[in-house]
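Proteins get letters first, then strands, A, B, ... in listed order; numbering begins at 1 in each.
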Amino acid sequence: MSSPIEAVRGMRDVLPDEQRATAYVRAALERTLAGHGYLPIDLPIVEQRELYLRKLGEELVGKVYEFSFGGRELALRPEWTASLLRAYVANMQDQPLPLRIAYSGPVFRYERPQRGTYRQFTQVGVELVGGPAPRADAEALALACAGLDAAGVGGYRVVVGHIGLIRELLVGLGLEERTQGVLVWSMERMRVDGLDAVRARLGETIAAPPPGLELPAGLDDDQAAAWLLGMLDAMRIDLSTGTRSPQDVVARLLRKLRRGDQQPQIDRALDLLSRLGQLRGAPAEVLPLVADLIAQSGLQSAAYAELRAILALLADHGVDQGRVEIDLCLGRGLHYYTGLIFEIYDGDQMQLCGGGRYDDLVSALGGRQPVPAVGFAYGLERVAAVAAAPPPPEERVALVAPVSDEDYAYALDVARRLRLRGFIATVDVRGRTLATNLRDAARRGVGYLAVVGAEERAQASFVWRDLASRDERRVALGEIADW
RNA sequence: GUGCCUGUAGCUCAAUGGUUAGAGCGCCUGACUGUGACUCAGGAGGCUGUGGGUUCGAGACCCAUCAGGCACCCCA
């Protein structure tokens, strides 16, 4: 015997029992999305690598399965949103807005496998294209909850943040865009590792040029860029592996080298953000504190009003307020978010669902006009893992047992007739004895056994045995028509 | 990507560094030529995840690798 071949790491076999449970949950989710007017769509699993390079965020970009084939740079989709908006730009710009689209299918991410974390998993989700804040945000959030309710998930927690609010404050403080970005996506780190860790990271990625790298005096931008490229090349730094073009990298580096020191603003921002980040909890408690903080800083925030409006609408949607929690540190790794972001956890810390608003993505993917959009996705396997068990199947299952080989053809005929009456019917293919067939049927939980032998064949009948009650009677073939 | 735990039959697990690696369950056959959950008898199934090393001798010890799990990181 040759050695068995293992499944690829992070990929798993879903056996019938689990598949049944997953399909049940999937149907519940899809039914809910459809019931809210979201039209199912299907899109390719393989996309151009480039689709994911720009807006995905470095963390997730590193997890994309990429490959070259026939001279093309391709990728397995790590999420649906980019594909969906690509398809929107390609095929759906003539559709009336808002457009409600639902999807469901496999995505791939190269991550360390764990329970509830696989390299291939199934996302079920929606995008509400052309739906502006705050109503579309509240609709999406409420829908996410409705799906979990339908799937029989209880005790979940909805955590809400708002990237727009953070961005606004940073703009108000006069920080440049690149610095804003790093700060926004460092907020989670700030809570876990502290202010100093973020300051250090900021130093790495923004503030300090590589030690010893000084621009020669008197170069114009083009000359300086050429000089930098030469330096980087001499240092054997390969720029082609990153998500930006070498020209881009050099341009940024150049700006960095020539930029004035932003340290005072950065310190102020860090201070504000760390205090903002400590405000977590029920909206009724946290929102006033956020308002205070904004007022104290002498800043304005339209996003704050938007967040309040979303939460108020959420109550109108009937979402249990006790489940909702504000966490302004929430920084989802997908960098295309611009406003609301949210995550839903089950009681045991497992993330079941995530989403948010991304108003710039349509433009970034070449749409004719900017279109606001919001969406979310469930991790189907995770939802299924915490969902209520599906009800037992109600199918009537029968096994047809031919007594001898001569009865096999007749057994097939009986099985056909049973199927016409809605039975799930199988015929023994192993030529087993009746006793063995009975034992087998009992073990599998089959409801009925049809025994066909020479006698039954002669009379156009079969013996119909109810496995549970052990009642047995002879049934004429013609009789089945009334079942 | 980081740290830790674990890989022995289809499954759950045994086996002081020392014969030919065992048990339970499951599977197959028969007792039982047309009637199930019990029983009895027999059978199949293993290069101990893989590859190196230490040793007279390795399932056990060491290294690597692959896979699974747990905690991070991140996400669904």
[X] side chain: which of [options] is closest?
| X | options | answer |
| --- | --- | --- |
| A:Glu455 | B:U35, B:G69, B:G34 | B:G34 |
| A:Pro113 | B:G68, B:G36, B:C4 | B:G68 |
| A:Arg439 | B:G34, B:G36, B:C74 | B:G36 |

If we take the [atom1] atom in both [N] and [M], what is their distance in whole Å?
| N | M | atom1 | result |
| --- | --- | --- | --- |
| B:C73 | B:C61 | P | 33 Å |
| B:U6 | B:C40 | C1' | 39 Å |
| B:G59 | B:C47 | P | 13 Å |
| B:C11 | B:U55 | C1' | 35 Å |
| B:A58 | B:A76 | C1' | 44 Å |

Roughly how many Å is it from [atom1] in [X] to [atom2] in [N], rounded to a whole number?
| X | N | atom1 | atom2 | value |
| --- | --- | --- | --- | --- |
| A:Arg77 | B:A76 | CZ | P | 14 Å |
| A:Leu449 | B:G34 | CG | P | 14 Å |
| A:Arg430 | B:C27 | CZ | P | 11 Å |
| A:Asp428 | B:G36 | CG | P | 16 Å |
| A:Leu434 | B:G30 | CG | P | 14 Å |
| A:Tyr103 | B:A76 | OH | C1' | 10 Å |
| A:Glu111 | B:C74 | CD | P | 11 Å |
| A:Met11 | B:C66 | CE | C1' | 15 Å |

Under 4.0 Å between any heavy atoms, over every strand shown, what does [X] touch: base, sugar-phosphate, or nothing? Just pick one.
| X | result |
| --- | --- |
| A:Gln351 | base |
| A:Arg444 | nothing |
| A:Ala454 | base |
| A:Ala441 | nothing |
| A:Thr122 | nothing |

Are any of A:Arg443's side-chain N or O atoms less than 4.0 Å away from OP1 or OP2 of B:C27? yes
Does A:Arg49 come within less than 4.0 Å of A:Glu66, counting only side-chain N to carboxylate O? yes
Could you tell me whether A:Arg457 sits above the aromatic face of A:Tyr410, with NZ or CZ closer than 6.0 angstrom to the six-membered ring centre and within 45 degrees of the axis?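 No, A:Arg457 does not lie over the aromatic ring of A:Tyr410.
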